[in-house]
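What follows is a set of notes on a single structure, which appears directly below.
Worth knowing before you read on, the calculation uses all heavy atoms, side chains too, and leaves out hydrogens, waters and symmetry mates.
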Amino acid sequence: MFRAPFWRAVAACVVVVTALLLTLTLSPRLGLDLRGGTQLVFETRDGPAATADAEAADRALDVLRRRADALGVVDPTLLRSGERRIIVELPGVLDPRQAAEVIGRTAQLTFHPVLGPAGGAGDPGRVLADESGQPLRVGPAAITGGDVRDAAARTDPAQGPGWFVSLDFHDADAWRRLTAEAACHDAGDPRRRVAIVLDEEVISSPQVDPGVGCRAGIPGGSTQITGSFAHEEARDLAMLIKGGALPVPLTLVEQRTVGPTLGAEAIEASAKAGVAGVLLTAVFIVVVYRLSGLMAAVALATYGLISYAALLALGATLTLPGLAGFVLAVGMAVDANVLVFERAREEYGRAPGRGLRAALDRGFARAWSAIADSNVTTLLAAGLLFWLASGPVRGFGVTLAIGVFAALVSAMLVTRVLTHSLAGVIGGRWSGLASPGRVRTWIVRRDPRLMAAGRRWLTGAALLAGVAVAGLVVNGLNVGVEFTGGRMVEFTAARPVSGEVARQAVAEAGHASATVHTSVQTSVQGSGAEVSVRAGQIGADDVAAIERALEARVGEVTKQRDEMVGPSLGEELRRNALIALGVALAAQLAYLAVRFRWTFAAASVLALVVDALAVVGLFAWLGRPVDGVFLAAMLTVIGYSINDKVVVFDRVRELWQASPAARLPDVVNAAILQTVPRTVNTGLGALFILVALMVFGGDSLRDFAVALVTGIVVGTASSSLVAGPLAVEFERLSGQPPPEPPAPRRRRTGTGAVV
């Protein structure tokens, strides 16, 4: 009898201790939007002599890494995204002009004659250090990287052990002339060498073989660079030569620059929102569920520990939307606890003589179906964000998925262990589970007949959708540069600036068609202003000109954010956003159709459409930007809203299976009323988090919170007043019989011994 609780306690201790050790031993990896810096996304293009494939991108990646090192960047991140894109993150680099110039210019590989060792100041030629650090004077470039056809690391047992690098040139005569001149000097003379220079650095300076005669040179357009090469050294040298000669150009398709001050403010704002939201949520569940709520609050603390440790263990990059997802998942952890406690209250009310432990065990067992279904639908949304989104929004998807798993462990393991141990010590009154609760008591006393007005609720939903569509028709959507392409730059000024003055300054810089917005910022130091400039495909020099024009008008300004998205990438992101929303709805429909009935699935998805239209319509009427963070909010609304509908229809199925002869409107009405306490308590728990984000977060987090608050309020109402009536209407058209009661479990026979 004690075996299962004991091993649950052991498992909970192992999970918590492991999470604590990971938290103490690992450091978080912050995204550039939190620590400041520049992110560049390059796309390779087909050149006249090479195809932009994955191999070409890998070779270019090595060249870019050398350039990042030359910038002196601490801990740069370079990786290939897909076959043709390269992402470069440069922490601390706030000048995108410098970064793009050094990182993104075409690779400069050249072959030079060596004029001799470095001597006096009047000696001709440039001075470059060779691979051993010895300074050499080199003459003008005789061959460029474009003349290299191929370079490869090879070995030949006939020539002895070791590796060499073979080179093939397009212009055989140019190579012969260069080596013919070098061969006229004695062996060991520096002038008998050829300097191979990549980006102003000598990567190799081989000596022409003594067997090559003066003025003869090496014919055939092929040669070998020999030496005491290990395999890795020969391979790297060949890659550098071939990569330097890569004819495929790189095009900058996306650039984001965030100032360190803005990143520090984002961390502080998110931390405040997280602390405030968690404290308010903890107080709320303690007030509602008393000591059981206190145990759930402790489990919430372990949720934060587990999810944070999982982020560290996976090496995930923590971004600003990721922090929002981390905070938001607290509401989902509360949801599982509320579901269990409400079911435990019902079970205790049916059979108080069995005791609190039996009620809790049955509550956990009966709530598992709804918890599993709701979390699967949230994971579908998180997966779509990861696969179809880009940049920081992808981090939100990762954080949300980790939060779902951590919430499950927190609620179904830690909360269960804590409440189970508490149930044997305290009485029913202090547990918070012995009474049905005020919300349920009020509902039982009123017993509203919601489904009697089902068609009126549907008419109201249609009117709400019509108002949202009208907003789209009248105002349209303020689609951000992330989806349209263009450039968005944000400046802060030390004193307030009127919109007219800012627009005149931007026009003087040559961009009269740019969209300019200003807002007042108040801080301890006094009042200032934020100036936002949105324009088309302007360059970094244009941004510098705008900054100078603003400074001439309003005094010192500081660039806080600079985002550029190319037109092709903007079109791709816009297409992926629409695909993500469409696939999200289709995935929810398919999952619910398999889990429940097609009528329930169709009703849920149509109610989701109403929820999504309400959020989109609100942003259209308010003129708020629709960007990647908005996409994350929309998919979260879909996942959160479907959670509520899953809980309602899970109860509908349970009640209908128990009474197949009952009228479906009565069954749906009873299911809605029975799940209202869970809906109210879960919704309030999430709203505490979101209100904290609205109060403490910046503009992007505030828009994110507004979208989610709207989605949760409308989604909660639509679960009862839209999805329920729609399911009733669809069932009238369906010929399916009521669901059959579940088969009774067969009891296992045994010795009857109790351990």
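Smallest separation of non-hydrogen atoms from V668 and M451: CG1-SD, 3.8 Å. Taking each heavy atom of G715 and K645 in turn, the nearest pair found is O-NZ, 3.2 Å. F600 and A727 make their closest contact through CD2-CB, 4.0 Å (heavy atoms, listed as atom of the first residue, atom of the second, distance).
With N669 contributing its side chain and L450 its backbone, the two residues share a donor-acceptor pair below 3.5 Å. In this structure, T675 contributes its side chain and A671 its backbone to a donor-acceptor pair below 3.5 Å. Between the side chain of S307 and the backbone N or O of G304, at least one donor-acceptor pair lies under 3.5 Å.
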Residue pair N337, I285: steps toward the side-chain contact (heavy atoms from CB on, under 4.5 Å) verdict: CA-CA 9 Å; N337 285 296; I285 60 175; 5.9 Å; no
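Looking at T18 and V14, their side chains come closer than 4.5 Å, going by heavy atoms from C-beta outward. W598 has its side chain within reach of S734: a pair of non-hydrogen atoms, C-beta onward, lies under 4.5 Å apart.
If you take CG on L606 and OG on S718, they are separated by 11.0 Å, rounding to the nearest 0.5 Å.
Applying the 6.0 Å contact sphere to CH2 of W656 captures more than 12 heavy atoms from other residues, nucleotides or ligands. Heavy atoms from other residues, nucleotides or ligands lying under 6.0 Å from CZ of F284 number more than 12.
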